[in-house]
Amino acid sequence: MPDVLFEIRNQIAHLTLNRPDKLNAFNRGMALELQDHLLACDEDDSVRAVLLTGSGRAFCSGQDLSEFPADRLPDFEKVIDEYYNPVIRLLKTIRKPVICAVNGVAAGAGANIALACDIVVAVSSASFVQAFSKIGLIPDCAGTFFLPRLVGLQKATALMMLGDKISAAEAERMGMIYAWFEEAEFEEKTNQLAAILAKLPTAALILTRKALLESSTNNLEEQLELEKKFQQKAGHTRDFMEGVRAMAERRPPVFVGQ
């Protein structure tokens, strides 16, 4: 059985972490499969959006510590370079928008992989835990980059040091995630969001992601110049021309992702 289920339906790539008996804890196989699937989605022009979720009652409980030998320390540098950093880089460079549908607990690396996605939604029973301090580690998977930008430095510091469990409702309230849904409507609502993204002008969405990422380090003048550069690129896409025509003809636009 694969560690990551992969299916394309209606221009949406569905990626499902699939070690439910281990609460979808990350191991080498899952990491490499997820990287391969994200690369495939990036290269497949038929894919217009990616929906990442988990099977069973968890999204991802973090690193599977049982993968490491009990008689020696893990090589954290190798694990991060081989498992996690490539996933985070792919999530922020893939040329398709990525929704993460957190279907249960998202702990440690699992929480930060979720937060690296473009839009994060959660089921009402989901929880987020920066569990690293509980075992004497620091947050990785770019958690120290994304979380303070989502909730502020003080809140992120406390969540990471104390390892508090945050409910889906709390996560939405503090701006950590976009929305949460009740169990009965979770799958339908997340699929609806993915379907909306799959019909939007893909190139403009990815340029928006890039602009937001660079805003973290740019000053105002640099950001204004970046927006001008990216707007020039967006203005030369087929989807921009379609948007203009559709507005003039008073009809919904039909974007093709180019």
Side-chain angles (χ1 to χ4, degrees), residues 3-26 30 34 37-38 41 47-62 87 91 96-131 141 143 146-147 149-152 155-156 158-160 162-200 205 208-209 212 252:
D3 289 332
V4 181
L5 303 178
F6 178 55
E7 182 183 9
I8 298 174
R9 301 194 307 269
N10 300 320
Q11 298 186 297
I12 301 165
H14 295 257
L15 300 179
T16 306
L17 305 181
N18 189 44
R19 302 183 73 216
D21 57 322
K22 299 288 187 179
L23 299 180
N24 298 321
F26 238 68
M30 178 178 282
L34 182 56
H37 291 317
L38 288 171
C41 291
V47 173
R48 298 281 301 281
V50 177
L51 177 57
L52 175 63
T53 192
S55 60
R57 59 192 180 91
F59 171 68
C60 176
S61 58
V87 169
L91 288 172
K96 318 292 164 74
V98 182
I99 293 182
C100 183
V102 179
N103 58 298
V105 64
N112 291 335
I113 288 170
L115 298 182
C117 296
D118 295 315
I119 297 176
V120 187
V121 297
V123 71
S124 56
S125 58
S127 59
F128 298 81
V129 189
Q130 293 290 326
C141 293
F146 292 115
L147 189 60
R149 287 164 172 77
L150 293 168
V151 304
K155 194 72 173 179
L159 293 176
M160 288 179 164
L162 299 174
D164 293 340
K165 181 184 286 189
I166 302 299
S167 69
E170 290 176 294
E172 181 187 359
R173 179 178 54 78
M174 67 177 67
M176 186 187 299
I177 67 173
Y178 171 61
W180 63 271
F181 306 118
E182 294 291 352
E183 182 84 37
E185 60 180 2
F186 177 64
E187 184 175 356
E188 178 185 0
K189 292 286 189 181
T190 54
N191 284 328
Q192 285 175 354
L193 275 176
I196 291 170
L197 280 180
K199 289 179 171 57
L200 289 173
L205 300 185
T208 298
R209 178 207 289 151
L212 289 168

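Predicted model only: the values in this text are computed from it and were never measured. Just so you know, residue 1 is the first one in the sequence shown, and it goes up from there.
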Do Glu187 and Lys189 sit within salt-bridge range, that is, some charged N less than 4.0 Å from a carboxylate O?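 Judged by the 4.0 Å cut-off on N to carboxylate O distance, Glu187 and Lys189 do not form a salt bridge.
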Got a sec: does the CD of Glu185 have more than 12 other heavy atoms crowding it under 6.0 Å?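 Yes, because the 6.0 Å sphere around CD of Glu185 holds more than 12 heavy atoms from other groups.
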Return the [atom1] to [atom2] distance between [X] and [Y], rounded to the nearest 0.5 Å.
X      : Y      : atom1 : atom2 : answer
Lys96  : Leu91  : NZ    : CG    : 14.0 Å
Ile12  : Glu7   : CD1   : CD    : 11.0 Å
Gln130 : Asp164 : CD    : CG    : 10.5 Å
Lys155 : Met160 : NZ    : CE    : 13.5 Å
Ile119 : Leu51  : CD1   : CG    : 11.0 Å
Arg57  : Asn103 : CZ    : CG    : 11.5 Å

Looking only at heavy atoms, what is the nearest atom pair of [X] and [Y], with distance?
X      : Y      : result
Ala114 : Val102 : CB-CG2, 4.0 Å
Val4   : Leu34  : CG2-N, 3.9 Å
Ile113 : Cys141 : CG1-SG, 4.2 Å
Phe59  : Cys100 : CZ-SG, 3.5 Å
Pro97  : Leu205 : CG-CD1, 3.8 Å
Ala168 : Ser124 : CB-O, 3.9 Å

Mind checking whether [X] and [Y] have side chains closer than 4.5 Å, heavy atoms only?
X      : Y      : answer
Phe128 : Ile177 : yes
Lys22  : Ser61  : no
Phe181 : Val121 : yes
Val47  : Gln11  : no

Going by side-chain contact (heavy atoms from CB on, under 4.5 Å), Leu17 matches just one of Thr53, Asp3, Leu52. Which one?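 Exactly one pass, corresponding to Leu52.
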Option from Val98, Val50, Ile8 for which side-chain contact (heavy atoms from CB on, under 4.5 Å) with Cys41 holds: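 Only one of Val98, Val50, Ile8 forms a side-chain contact (heavy atoms from CB on, under 4.5 Å) with Cys41, namely Val50.
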Carefully, step by step, assess Leu159 and Met176 under the rule side chain to side chain contact (heavy atoms under 4.5 Å, CB included). CA-CA 12 Å; Leu159 293 176; Met176 186 187 299; 3.8 Å; yes
Dump the intermediate steps for side chain to side chain contact (heavy atoms under 4.5 Å, CB included) on Asp118 and Arg209, then the final yes or no. CA-CA 8 Å; Asp118 295 315; Arg209 178 207 289 151; 2.8 Å; yes
Check: [X] side chain, [Y] main-chain N or O, donor-acceptor pair, under 3.5 Å:
X      : Y      : value
Glu172 : Ala169 : no
Arg48  : Ala194 : no
Asn24  : Ala58  : yes
Ser127 : Lys165 : no

Mutual orientation of the aromatic rings belonging to His37 and Phe6 [parallel < 30°, tilted 30-60°, perpendicular > 60°]: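 His37 vs Phe6 ring planes: parallel.
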Excluding sequence neighbours, so at least two apart, what forms salt bridge (Lys or Arg N to Asp or Glu O under 4.0 Å) with Arg19?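 In terms of salt bridge (Lys or Arg N to Asp or Glu O under 4.0 Å), with neighbours along the sequence ignored, Arg19 is linked to Asp64.
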